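Predicted model only: the values in this text are computed from it and were never measured.
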Amino acid sequence: MVIDFNPFYEFNRHVGRLLDDYSSPLTFSRRRAAFPPINISEDDANLYVECEIPGLAIEDIEITLEDSSLTIKGELKPGEGKYYRQERASGLFNRVVSINTEIERDAVSAKLKDGVLEITLPKAEEVKPRTISIEAS
Amino acid sequence: MSNETRKTLPKYRPATDIIEGEDGYAIVLDVPGLAREDLVIDLNKQELVISGKTGYPAEPEDKGDRKYTHVEFGGCEYRRTFTLSDTVDREKISAKLENGILFVSLPKAEKAKPKRIEITE
């Protein structure tokens with residue numbers, strides 16, 4: 001037979017795949033309420049804000065630091081053509097993080113690697129923890 | 001420790017767009033945190049398997065001396081399988097990773113373009 005028109009052609013393979021899908025219940029798609037997802041961390045010297053923004057270059061991301069908030073803004077542009085499936089987020093996004101510490105405003109830096117943005121906000125001198133030495137009299 | 005975290009990375013199906021352009025299809029996947037050297041693309045017969053692990057642990061707290069106050073994402077393993085149709089030219093498939101997005105371009109094969117069959121006596 002040149003072409004197999006049998007509906008059960010490669011049936012075993014499809015059943016195998018179906019079973020594979022069910023046997024790994026940990027495989028699920030990532031859907032979250034807020035975009036982009038953010039992690040906030042700190043150490044003695046800095047405050048770090050990390051977020052996942054796939055598909056944008058650093059110059060397309062607008063980061064603004066106001067009095068007590070950090071705003072991350074941008075737009076994800078959809079591709080051109082006929083869509084068969086569309087799961088990726090597109091459109092404008094805007095996320096605000098409130099900052100409760102004094103920040104060294106001029107030393108804030110941001111870097112982007114593989115779609116993960118990391119903003120480093122150095123803490124101002126006056127809020128950094130310091131050791132006070134006590135002299136015994 | 002690092003071995004153990006690798007094992008317990010959660011698996012995700014990355015969000016995907018499939019777009020048909022003029023001379024082929026494009027698969028676009030969101031894979032933030034995935035470096036080029038950690039990405040594996042396998043093509044066997046009709047299945048295109050894309051997988052990879054992010055370079056950081058599932059729980060960001062495991063990363064070092066920083067104290068995390070708010071966590072919404074962590075390391076994970078991306079994996080997704082696509083079944084290709086015969087209209088795709090397997091030899092010409094190419095992929096590009098840029099800013100956490102993977103573009104896979106699947107050009108249409110010459111023979112898939114419609115052809116009239118002549119009837120001979």
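Residue-environment remark: CZ (B/Arg90) exceeds the threshold of 12 foreign heavy atoms within 6.0 Å. Heavy-atom contacts from other residues, nucleotides or ligands closer than 6.0 Å to CG of A/Asp67 number 12 or fewer.
Neither the backbone nor the side chain of A/Pro78 comes within contact range of chain B, judged by heavy atoms closer than 4.5 Å.
Closest of all the heavy-atom pairs between A/Glu50 and B/Phe73 is O-CE2, 3.5 Å. When every heavy atom of B/Ala15 is checked against every heavy atom of A/Glu87, the shortest pair comes out as CA-OE1, 3.5 Å.
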Start with the C-alpha distance between A/Tyr83 and B/Ile18, add both sets of side-chain angles, then the distance that settles side-chain contact (heavy atoms from CB on, under 4.5 Å), and finish with yes or no. CA-CA 6 Å; A/Tyr83 272 86; B/Ile18 300 176; over 6 Å; no
Given B/Ile19 and A/Glu80, is the side-chain contact (heavy atoms from CB on, under 4.5 Å) satisfied, shown in steps? CA-CA 8 Å; B/Ile19 309 164; A/Glu80 304 235 320; over 6 Å; no
Show your working on side-chain contact (heavy atoms from CB on, under 4.5 Å) between B/Tyr68 and A/Asn39 and close with a plain yes or no. CA-CA 7 Å; B/Tyr68 275 81; A/Asn39 285 356; 3.9 Å; yes
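With rounding to the nearest 0.5 Å, the separation of CG in A/Asp114 from CG in B/Asn99 is 8.5 Å. Rounded to the nearest 0.5 Å, atoms OG (A/Ser41) and NE2 (B/His70) are 11.5 Å apart.
Clustering ILVMFWY residues whenever any of their side-chain heavy atoms sit less than 4.5 angstrom apart, transitively, puts B/Ile101 in a cluster other than the one holding A/Leu76. Residue B/Val40 is not grouped with residue B/Leu29 when hydrophobic side chains (ILVMFWY) are merged at heavy-atom distances under 4.5 angstrom, including chains of intermediate members. A/Phe93 is connected to A/Val97 through a chain of hydrophobic side-chain contacts under 4.5 Å among Ile, Leu, Val, Met, Phe, Trp and Tyr, so both are in one cluster. In the hydrophobic clustering of this structure, A/Phe35 groups with A/Leu112; members are Ile, Leu, Val, Met, Phe, Trp, Tyr whose side-chain heavy atoms approach within less than 4.5 Å, directly or through other members. Linking Ile, Leu, Val, Met, Phe, Trp and Tyr residues whenever their side-chain heavy atoms come within less than 4.5 Å places B/Ile27 and B/Ile41 in a single cluster.
Looking only at heavy-atom pairs under 4.5 Å with chain A, the residue among B/Thr16, B/Thr69, B/Val71 that has the most is B/Thr16.
Under a 4.0 Å N-O distance rule, the pair A/Lys82/B/Glu22 does not qualify as a salt bridge. Salt bridge B/Arg66/A/Glu118: present, at least one basic N to carboxylate O contact under 4.0 Å.
Checked by atom type and distance alone, the side chain of A/Asp43 never pairs as donor or acceptor with a backbone atom of B/Lys67 at under 3.5 Å.
Side-chain contact between B/Val28 and A/Arg88: present, with at least one pair of heavy atoms (C-beta onward) separated by less than 4.5 Å.
For residues 53-66 of chain A, heavy-atom neighbours of chain B at less than 4.5 Å comprise A/Ile53, A/Pro54, A/Gly55, A/Leu56, A/Ala57, sorted by residue number.
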